Amino acid sequence: MNFAAVYENFRTAFEAVLLKKLDEAAQGAFPPILWESMRYSLLAGGKRIRPVLFLAGLRENGMSLDGEMTLAVAIECIHTYSLIHDDLPAMDNDDMRRGKPSNHKMFGEANAILAGDGLLSWAFEMLIDEASRGESYREAAKILTHAAGVFGMVAGQSADLLWQNGGKEQLRFLYENKTGRMIAAPLEMASVLSGGRGREKWRAFGEELGTLFQLTDDLLDAASGEDEARLTAVKVFGLEKAEQLADECAGRCLKLLKEMGADSGFFEGIVGLVRSRRI
Ligand code: GRG
């Protein structure tokens, strides 16, 4: 099976569980607008790269996926909350997300804040439930909460507001925290759940992939003329050098995969996808 088909299989399996969980949780829940707005953003057409990384990491480490879908849902809920809050007028002030009106454009600012809060706290509820399954699940929950919070994505977002200008050091902090932690966490979680063999290497690969993800994000934004107020690789290095850095970063990702013996080919495909993505 080719890379795109395998990605699609992971994504479809994830999508089915997400829908089921949403339907079950929203059944009779009050007020309906809260769940409607959470659902709107969860189902607005994301690439699902973080849950797919988690599921692919499990498979690469010889685990079955069936019992682990709740963690995949928690990962995507946290990611979606961050996008809703990032789009708010007080943050990036984006009217559109994934080609559709952003959450606050559909439901109003106050409801969008609550949709984000709702997704984050629903994810934490799932993580607490999963953590009770045993030590490796507790550790996986800890990895995700650490990546999402004040030592990870939230710190990165806070620094993003702080620095409109800066150099390599600031850029590195943003890359590692705002984007990298939530890309590396699913892979580290998958490794821990399957016994922790190669955990450090999976994390290193995830962080490198996160850097690549943010580099391509900066290149896409530069191509569309967005985010001039933000500190980006294009601002620090210029367009040509940023492209070169992305190629070098993709090379480091592939080298790490070789060293890890992660040889199913799927992760090489992910590196190619992230390097050449157009969305
Ligand atoms: C508000 C606490 C808080 C954090 C926001 C995610 C984030 C931090 C900011 C979004 C700004 C941004 C464009 C970050 C770069 C990388 C990124 C997270 C892009 C969006 O992720 P994708 O491309 O989105 O995986 P989809 O739509 O596919 O789910």
Side-chain angles (χ1 to χ4, degrees), residues 7 10-11 14-15 18 38 40-54 72-73 75-94 96-104 109 112-121 123-124 144-163 171 173-187 206-207 209-224 226-234 242 246 249 270 273-279:
Y7 191 105
F10 284 129
R11 201 188 62 74
F14 168 74
E15 231 47 79
L18 174 65
M38 287 163 59
Y40 174 78
S41 289
L42 269 178
L43 304 184
K47 295 183 287 299
R48 313 302 196 197
I49 190 164
R50 294 158 191 80
V52 167
L53 284 172
F54 174 65
V73 173
I75 291 167
E76 188 68 6
C77 283
I78 294 177
H79 166 63
T80 304
Y81 120 77
S82 79
L83 298 182
I84 296 174
H85 281 192
D86 186 63
D87 288 339
L88 287 168
M91 297 226 189
D92 253 17
N93 195 16
D94 271 320
M96 301 294 284
R97 165 70 60 185
R98 298 163 170 164
K100 298 196 173 83
S102 45
N103 193 292
H104 66 274
E109 240 180 278
I113 292 170
L114 290 171
D117 294 341
L119 286 167
L120 180 62
S121 45
F124 273 59
L144 185 59
T145 52
H146 192 75
V150 288
F151 303 107
M153 181 177 66
V154 172
Q157 181 75 351
S158 179
D160 196 48
L161 299 178
L162 196 64
W163 296 323
L171 199 63
F173 186 90
L174 292 181
Y175 274 37
E176 279 176 7
N177 289 282
K178 191 177 84 167
T179 318
R181 300 265 184 261
M182 284 294 292
I183 298 273
L187 293 168
E207 285 173 357
L209 188 67
T211 298
L212 182 62
F213 198 89
Q214 187 58 57
L215 274 167
T216 51
D217 203 69
D218 287 358
L219 289 166
L220 287 171
D221 280 351
S224 66
E226 269 182 46
D227 278 338
E228 278 153 8
R230 209 162 55 73
L231 180 62
T232 69
V234 176
C249 186
I270 285 273
L273 176 85
V274 173
R275 176 63 189 98
S276 60
R277 72 196 178 104
R278 292 287 166 264
I279 52 167

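Counting starts at 1 for both ligands and their atoms, in listed order. Only a predicted model underlies this, so the values are computations on that prediction, with no experimental measurement involved.
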Interatomic distance, CZ@Phe10 vs CZ@Arg48, rounded to 0.5 Å, equals 16.0 Å
Short N-O contact, Arg97 and Asp86, less than 4.0 angstrom: yes
Atom CG in Leu144, atom CD1 in Ile78: separation rounded to 0.5 Å? 4.0 Å
Per-atom contacts of ligand 1 with Arg98, taking only distances under 4.0 Å to non-hydrogen atoms: 26 (P), 27 (O), 29 (O)
Contact check: His79 vs ligand 1, nitrogen or oxygen atoms, below 3.5 angstrom: yes
Looking at ligand 1, would Met182 count as a contact under a 4.0 Å heavy-atom criterion? no
Would you call Glu76 and Arg50 a salt bridge, using N to O less than 4.0 angstrom? no
For ligand 1, is any non-hydrogen atom under 4.0 Å from Gln157's backbone (N, CA, C, O), its side chain (CB onward), both, or neither? side chain
Looking at Arg48, Arg50, Arg230, the heavy atom closest to atom 25 (O) of ligand 1 belongs to Arg50
Checking heavy-atom distances from atom 15 (C) of ligand 1 to each of Met153, Glu76, Gln214, the winner is Gln214
Taking only residues two or more places apart in sequence or in another chain, which ones pass side-chain contact (heavy atoms from CB on, under 4.5 Å) with Ala147? Arg181, Met182, Ala185
At under 4.0 Å between heavy atoms, which part of Tyr81 makes contact with ligand 1: side chain, backbone, both or neither? side chain
Qualifying residue for side-chain contact (heavy atoms from CB on, under 4.5 Å) with His104, from Ile113, Leu88, Asp94: Leu88
Report, in ascending order of atom number, the atoms of ligand 1 lying under 4.0 Å from any heavy atom of His85. 1 (C)
Working to the nearest 0.5 Å, report the span between NZ of Lys47 and CD1 of Ile279. 5.0 Å
Need the ligand 1 atom indices (1-based, order shown) with element for anything under 4.0 Å from a heavy-atom of Gly46. 26 (P), 27 (O), 28 (O), 29 (O)
Does an N or O from Thr179, backbone or side chain, lie closer than 3.5 Å to an N or O of ligand 1? no
For Asp86, is at least one N or O under 3.5 Å away from an N or O on ligand 1? no
Parallel, tilted or perpendicular, as decided by the 30° and 60° cut-offs, for the rings of His146 and Phe151: parallel
